[in-house]
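In this chain, residues are counted from 1 in sequence order. Atom set for the values below is all heavy atoms of this structure, side chains included, hydrogens, waters and symmetry mates excluded.
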Amino acid sequence: MPDFTVTWLDLTVIIVYLVLSRIAPIVISSRIKKKAEAKKVAAGGGGGESEGNEAEDYFLGGRNYIWPFVGLSLVATNMSGATFVGLAGGAYNQGISIYAYEWMTAAVLAIFIFFILPFYLRSRVFTLPEFLEKRFDRRSRMAFAGFNLFANMFIDMAAALFAGAIVIKTLYPEIPIIVSVAGLAILAAIYTVIGGLGAVLISDSIQATVTIIGGLIVAIVTWNAVGSWDNIVAAAGPEKLSLIRPPDDPNLPWPGLITGVFVIGLYYWTTNQLVVQRTLGAKSLDHGRWGSLLAGFVKISFLFLFIFPGVMALALYPNLSNPDTVFPTLVFDLLPVGVRGLILAAVIAAITSTVDSILNSASTIVTMDFVKTFRPQTTQRGLVLIGRISTVGALVVAILWAPTITQFDTLYGYLQSILSYVVPPVVAVFLGGIAFKRINATAAFLTLVVLQPVGIVAFVLIEALGYIDLQFLYASGIMLVLSAIMLAVVSVVGETPDVEKTGELTWEKRYWTEETAELKEKGTPIWANYRVLTVVMLVVTAVVVIAFA
C-alpha cells in the first residue's frame, strides 16, 4: 500500500491552482458581462447595471453563454468528486457495468436535445418549477421546487462533499469528515456567492478541462502499471468486464437499464434544475443543443478515463477494504510528487464544481420560485441578495447531512438507490406534460405530492431497513408505472387543460416539420446540424457498448 503523504510540492500545486481557480471565474465572467452590455448599448437596447436584468445576469449568466461553456459546465456539474471516487470505487466493486449510467446519457441527451430543451428555452423561465407553473399551475411549481431543494442538498451536494471528504480522510485520517466537508463547501461557495451562474460556468469549464486531463493521466499510468489486458482479465474475470449483467445481478441487472438507469438519466439530464440551468443560460437554442452534445461525447469517454482504472486496480490492490479509496490509492502509489498534487487539485476542482453548481441552483429556486412568487414586489437587487443568503443556508444543511452517507457500501450505491425511488414521478410529470395536451394540473400535482412521499417511505423500508428484497432499479420501474397510471387516470376523469397552458409548451408534429424546413432553408452544414451530430453520438455509444457487452 502507498504512503499517503502530501509533500510540500504537492501542497503548493494544490494551493496555487485553487487560488487561481477562485479568481479567474469572477474576472472572466465580469468581462463577458461587460462585453454583452456594451453590445446592448451599441444596439440601442440599454445596458449597464440596470434593475431590469440584474437577476437574469446573476442566476442565468444573462443567457449569454456559448456552447463550449455550456457543455463543459454540464460535464463538470455531472462529474463531481463522485466521478473520480465513485466511479473508480464502483468499478472496483462491481466491474464496468457501472458504465451504464454514463453511456445511457447519450440516449437521454438525444431526447432532451430533440424534444425537451426547445420548450424550456421557448418559455424563458429561470427554473424548471417555473416551467411547471406555465404548463400546469402554481401547486405543481411549489411541490417540485420543494423536491428540488431536497434533492440538491440531501442527495447531490451531500454526495459531492462526501466524495471529497473520503479523499481527505485517506490522506489525513485524523481530520473528522465534518471538517473536510465544511472546508470544501466554503471553498466552493466563494465565487458562487459573488459571481452567480456566470462565474460558475467559467469555473466549471476550467475544472472540467483539468479533471479530464487528470483522469487521462491516471488511466495511462494505471495501464502501464498493470502491463497487459491479460493481467486485467485474470484479476477482474469476465464477469466484471461485461457491461450487460444477468437479471438477478444485485448491482445492475440488464432489465434495470430500462426500468431504472434510463429513468434516473431522464430525471438528471432533463428535469433537474442543477443540470438544466446550464442550458437555460445558453445564448440560443443551437448553443444549448451543441453544449449538450459536447457533454454527451465527453461522457462516452468516461469508460476509459474513470471506470477502467478502478477495474485495473483489482490487479494491483486485490484486497482493498473500502472501494471508495481506490482512486487516492492509485494516485499516491503510481504518480510522482507534484503531478499527484495536480491530480488532487483536479479532484477538489471536480468536487467544488458540482457544489458551486448546486448552490447556484438551490439559491435560484429559493429566490425565483418561493420569494418572487410570494413577494413579487421584491426588487431585482433584493432577489440577488436573497439568492446569496440562501446559498449560505443550503451550504449549512448539506454540511450537516453529508457525513450520514457513511452507512452505504459505496457512494454510487447511495446516489442511485435513493434516486430510483423519488425521481420517477418527476419524470412522468415533465415528459407527460410535454408529450400530451390532456395531462392536467391536478394530475401533475397529485402525482408529485402523493407518489414522491411513497417513494421515500419505500426507500426507507426496502433499502435502509431491508424489509423487502427488491433491486432498486426494478423499484424505479414500478414507481414510474404507478406515476404514469395516476397521471393518466386523474387527467382522464378530471378537467380538460386550458389551451393557453398547453399551446406552446406541448409537442406537436408541426414543430419538427417547421424546423426541418428551416434547416434546409438556412443550408445548415453537417458539422453544425444537431440532428446529424446526435446520430453520430448515438452510433459511437452503440459501438462502445457492443464492444464490451
Side-chain angles (χ1 to χ4, degrees), residues 112 116 119-120 123 125-156 259-260 262-277 361-362 364-366 368-370 372-374 417-461 472 475-498 501-502 505-506:
F112 179 65
I116 300 176
F119 294 101
Y120 288 164
S123 66
V125 296
F126 277 81
T127 69
L128 297 189
E130 184 183 356
F131 177 83
L132 283 189
E133 180 172 15
K134 286 179 177 288
R135 173 59 181 86
F136 297 114
D137 61 12
R138 181 167 292 183
R139 295 175 302 169
S140 296
R141 178 180 185 173
M142 294 297 103
F144 186 55
F147 169 75
N148 250 268
L149 283 177
F150 166 82
N152 281 171
M153 292 181 289
F154 292 98
I155 301 176
D156 300 317
T259 62
F262 185 61
V263 175
I264 293 170
L266 282 171
Y267 159 74
Y268 185 85
W269 291 99
T270 72
T271 70
N272 186 354
Q273 175 71 22
L274 162 65
V275 175
V276 177
Q277 189 169 344
S361 170
T364 303
I365 289 173
V366 168
M368 307 308 293
D369 288 315
F370 290 109
K372 190 176 181 181
T373 298
F374 295 110
S417 60
I418 190 170
L419 287 176
S420 294
Y421 290 90
V422 298
V423 303
V426 175
V427 172
V429 167
F430 270 89
L431 269 62
I434 290 175
F436 304 106
K437 287 183 168 61
R438 190 63 181 83
I439 303 299
N440 63 34
T442 300
F445 174 68
L446 290 178
T447 300
L448 291 174
V449 301
V450 172
L451 288 179
Q452 282 195 312
V454 168
I456 293 173
V457 172
F459 171 77
V460 172
L461 293 177
F472 62 84
S476 175
I478 294 171
M479 288 297 300
L480 183 65
V481 170
L482 292 176
S483 301
I485 291 173
M486 174 170 278
L487 202 63
V489 170
V490 177
S491 293
V492 169
V493 301
E495 74 279 4
T496 301
D498 188 341
K501 287 285 186 184
T502 62
L505 300 179
T506 307

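Checked options Arg139, Lys134, Arg141; the residue passing with Asp137 is Arg139 (criterion: side-chain hydrogen bond (donor to acceptor under 3.5 Å, both in side chains)).
To the nearest 0.5 angstrom, Thr270 atom OG1 is 5.0 Å from Tyr120 atom OH. In this structure, the separation between CD on Glu495 and OG1 on Thr442 is 4.0 Å, given to the nearest 0.5 Å. Note that the CD1 atom of Ile434 and the CD1 atom of Ile439 stand 12.0 Å from one another [nearest 0.5 Å]. Atom CZ of Arg138 is separated from atom CG of Leu132 by 13.5 Å, given to the nearest 0.5 angstrom. Distance check: Trp269 CH2 to Leu274 CG gives 9.5 Å after rounding to the nearest 0.5 Å. Residue Phe472 holds its CZ atom at 13.5 Å from CD1 of Ile478, rounded to the nearest 0.5 Å.
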Evaluation steps, side chain to side chain contact (heavy atoms under 4.5 Å, CB included), between Met479 and Val422: CA-CA 8 Å; Met479 288 297 300; Val422 298; over 6 Å; no

Pair Val423-Phe147, side chain to side chain contact (heavy atoms under 4.5 Å, CB included): steps then yes or no: CA-CA 9 Å; Val423 303; Phe147 169 75; 4.2 Å; yes

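Inter-residue side-chain proximity for Phe126 and Asp369 is flagged as unmet; no heavy-atom pair is nearer than 4.5 Å. Residues Leu419 and Tyr268 have side chains not in contact (no heavy-atom distance under 4.5 Å, counting atoms from C-beta outward). Side-chain contact between Phe144 and Leu128: present, with at least one pair of heavy atoms (C-beta onward) separated by less than 4.5 Å. Between Ile264 and Ser420 there is a side-chain heavy-atom pair separated by less than 4.5 Å. Here the side chains of Leu266 and Thr271 are not in contact, with every heavy-atom distance at 4.5 Å or above. Here the side chains of Leu448 and Val426 are in contact, with some heavy-atom distance below 4.5 Å. Leu480 is not listed as a side-chain neighbour of Thr259, based on a closest heavy-atom distance of 4.5 Å or more. Contact check for Phe370 versus Ile365: side-chain heavy atoms found under the 4.5 Å cut-off.
Note on residues 263-274: no pairs pass salt bridge (charged side-chain N to carboxylate O under 4.0 Å, His left out), not counting sequence neighbours. Listed by first and then second residue, the salt bridge (charged side-chain N to carboxylate O under 4.0 Å, His left out) pairs that reach into residues 418-438 are Lys437-Glu508, sequence neighbours excluded.
Among all heavy-atom pairs drawn from Pro424 and Ser476, the shortest one is CG-O, 3.6 Å. In this structure, Asn148 and Gln273 approach most closely via the heavy-atom pair OD1-CB, 3.2 Å. Across every non-hydrogen atom of Ala443 and Ser491, the tightest pair is CB-OG, 3.2 Å. Considering every non-hydrogen atom in both Ser123 and Leu505, the closest pair reads CB-CD2, 3.9 Å. Considering every non-hydrogen atom in both Pro425 and Ser483, the closest pair reads CA-OG, 3.3 Å. Between Ala428 and Leu487, the closest heavy-atom pair is O-CD2, 3.2 Å.
Note on ring orientation: taking the six-membered ring where Trp is involved, the planes of Phe430 and Phe131 are parallel (angle under 30°, cut-offs 30° and 60°).
There is a side-chain donor-acceptor pair under 3.5 Å between Gln277 and Thr364.
Crowding of Phe436 atom CZ: a count of heavy atoms from other residues, nucleotides or ligands under 6.0 Å not exceeding 12.
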